[in-house]
Amino acid sequence: MITTQGITKSFGSLQVLKGIDLHIDKGEVVSIVGPSGAGKTTLLQIIGTLDRPDAGTVMIDGIDVSNLSKKKLSDFRNQHIGFVFQFHQLLPEFTAIENIMIPSYIAGVSQRQAKQRAQELLQFMGLADRASHKPSELSGGEKQRVAVARALINQPAVILADEPSGSLDSKNKEELHQLFFDLRDKFGQTFVIVTHDEQLASITDRTIHMRDGLLETLDNLEPLDNLETIEQL
């Protein structure tokens, strides 16, 4: 599903990523943890094609995105990657269902199809009765569920989430975390989640630890058969 090889990234004289080799399978829920400045968000942005590495390659869903033109990269991002941010990033002037439909409009989907898909997602999220509400009329947990629905609208290959529960209270955190696994079970959705939340990291299929721009350990893995498999990770 996702493979990175030799990813490096510097900002001026500061090298943030120092050679990242990583593979994530379809349907995995993977967390990336580590201290501030470890390179977690930079790695997530590169996987999400929001930034380009200085060196190395990124393969997503069988496509090498490293050499795509700016236009093709934008189209690929819209169709294959969904994003969930800490502060939902909903547009305040639009209703919940309108916010969810925006990526579909960008992809050229008809209004009828986009609305039908958005309604299905709202139903799954337990928010069918909130479709016409604007973000200011929604709770924090409801806003983040709308943001997740927006990320899912184009049926992407992967959802990338950056501290998705960081602004939520304990109850809404637990519900959002459970939602990720419900979506994986129902749709086979792949999630890569940058988080400082130990509880979330502990329940993901795999925890990737980063420090000083390098991968430290990969937890929760099944026993590996040979050195070649380890090297691929």
Side-chain angles (χ1 to χ4, degrees), residues 1-61 64-66 77 81-87 89 144 151 157-168 170 173-174 176-177 180-181 184 189-233:
M1 168 57 69
I2 301 171
T3 301
T4 72
Q5 293 185 323
I7 296 297
T8 65
K9 183 68 178 180
S10 296
F11 297 97
S13 61
L14 177 64
Q15 188 173 16
V16 179
L17 299 178
K18 302 174 182 178
I20 302 295
D21 297 333
L22 177 66
H23 180 77
I24 295 169
D25 288 324
K26 179 175 174 57
E28 272 198 291
V29 180
V30 174
S31 56
I32 302 177
V33 303
S36 297
K40 306 182 299 298
T41 295
T42 299
L43 177 60
L44 197 73
Q45 289 174 338
I46 288 173
I47 292 173
T49 74
L50 295 172
D51 200 357
R52 291 185 184 270
D54 296 332
T57 60
V58 180
M59 296 281 295
I60 300 175
D61 211 17
D64 184 350
V65 302
S66 308
R77 187 185 310 121
I81 304 173
F83 296 92
V84 180
F85 304 99
Q86 180 174 352
F87 295 106
Q89 304 294 340
Q144 202 62 310
V158 60
I159 299 291
L160 304 180
D162 193 356
E163 297 288 358
S165 58
S167 63
L168 302 179
S170 297
K173 279 185 181 182
E174 291 178 5
L176 182 67
H177 297 167
F180 294 151
F181 290 93
R184 189 269 299 277
Q189 190 65 61
T190 306
F191 284 89
V192 182
I193 307 166
V194 165
T195 184
H196 284 101
D197 191 303
E198 294 180 1
Q199 191 272 336
L200 172 57
S202 71
I203 62 174
T204 55
D205 299 323
R206 188 151 51 111
T207 303
I208 298 167
H209 296 262
M210 290 189 68
R211 183 179 294 274
D212 297 329
L214 294 167
L215 302 188
E216 282 194 319
T217 58
L218 296 101
D219 294 345
N220 308 336
L221 288 171
E222 295 297 322
L224 297 173
D225 295 329
N226 52 51
L227 181 59
E228 180 181 358
T229 304
I230 295 174
E231 291 173 345
Q232 289 174 351
L233 291 170

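Here the structure is a predicted model, which is why all the values come from computation and not from measurement.
A side-chain donor-acceptor contact under 3.5 Å links T190 to the backbone of G27. Of the possible donor and acceptor atoms, one in the side chain of T204 sits under 3.5 Å from a partner among the backbone N and O of R206. Distance alone, capped at 3.5 Å, places no donor-acceptor pair between the R184 side chain and the E28 backbone. Not one N or O on the side chain of T4 forms a donor-acceptor pair closer than 3.5 Å with the backbone of V58. At least one donor-acceptor pair closer than 3.5 Å links the side chain of K40 to the backbone N or O of P35. No side-chain donor-acceptor contact under 3.5 Å links Q5 to the backbone of G19. Between the D205 side chain and the V29 main chain, a donor and an acceptor come within less than 3.5 Å of each other. Side-chain atoms of T207 come within 3.5 Å of backbone N or O of A201 as a donor-acceptor pair.
Applying the salt bridge (charged side-chain N to carboxylate O under 4.0 Å, His left out) definition to pairs two or more places apart or across chains, those involving residues 189-199 are K173-D197.
Annotation for A151 and V84: closest pair CB-CG2, 3.9 Å, computed over non-hydrogen atoms. Closest approach of G39 and V16 over heavy atoms only: CA-CG1, 3.8 Å. The two atoms that bring V192 and I32 nearest to each other are CG1-CD1, 3.7 Å, heavy atoms only. Nearest heavy-atom pair across G56 and S66 is O-OG, 3.9 Å.
In this structure, CD on E174 lies 11.5 Å from CG on L168, to the nearest 0.5 angstrom. To the nearest 0.5 angstrom, F85 atom CZ is 10.0 Å from Q144 atom CD. To the nearest 0.5 angstrom, F180 atom CZ is 7.0 Å from L200 atom CG. A distance of 11.0 Å separates CD1 in I47 from OG1 in T42, rounded to the nearest 0.5 Å. The structure places CG of L17 at 8.0 Å from CD1 of I7, a figure rounded to the nearest 0.5 Å.
For D64, the CG atom sits in a packed shell: over 12 heavy atoms of surrounding residues, nucleotides or ligands are nearer than 6.0 Å. Residue R211 places its CZ atom among 12 or fewer non-hydrogen atoms of other residues, nucleotides or ligands, all under 6.0 Å distant.
Using a 4.5 Å heavy-atom cutoff, the side chains of K9 and L43 are not in contact. Side-chain contact between L215 and H209 is absent, with no heavy atoms from C-beta onward closer than 4.5 Å. Within the 4.5 Å cutoff, side-chain heavy atoms of M1 are placed close to those of D61. Counting only heavy atoms from C-beta outward, the side chains of L176 and P164 approach each other to under 4.5 Å. Within the 4.5 Å cutoff, the side chain of L22 has no heavy atoms near those of the I2 side chain. Using a 4.5 Å cut-off on side-chain heavy atoms (C-beta onward), Q199 and H177 make contact. Within the 4.5 Å cutoff, no side-chain heavy atoms of I46 are placed close to those of I20.
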Derivation and outcome, side chain to side chain contact (heavy atoms under 4.5 Å, CB included), residues L160 and Q45: CA-CA 9 Å; L160 304 180; Q45 289 174 338; over 6 Å; no
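Under the side chain to side chain donor-acceptor pair (under 3.5 Å) criterion, E163 pairs with H196, not counting sequence neighbours.
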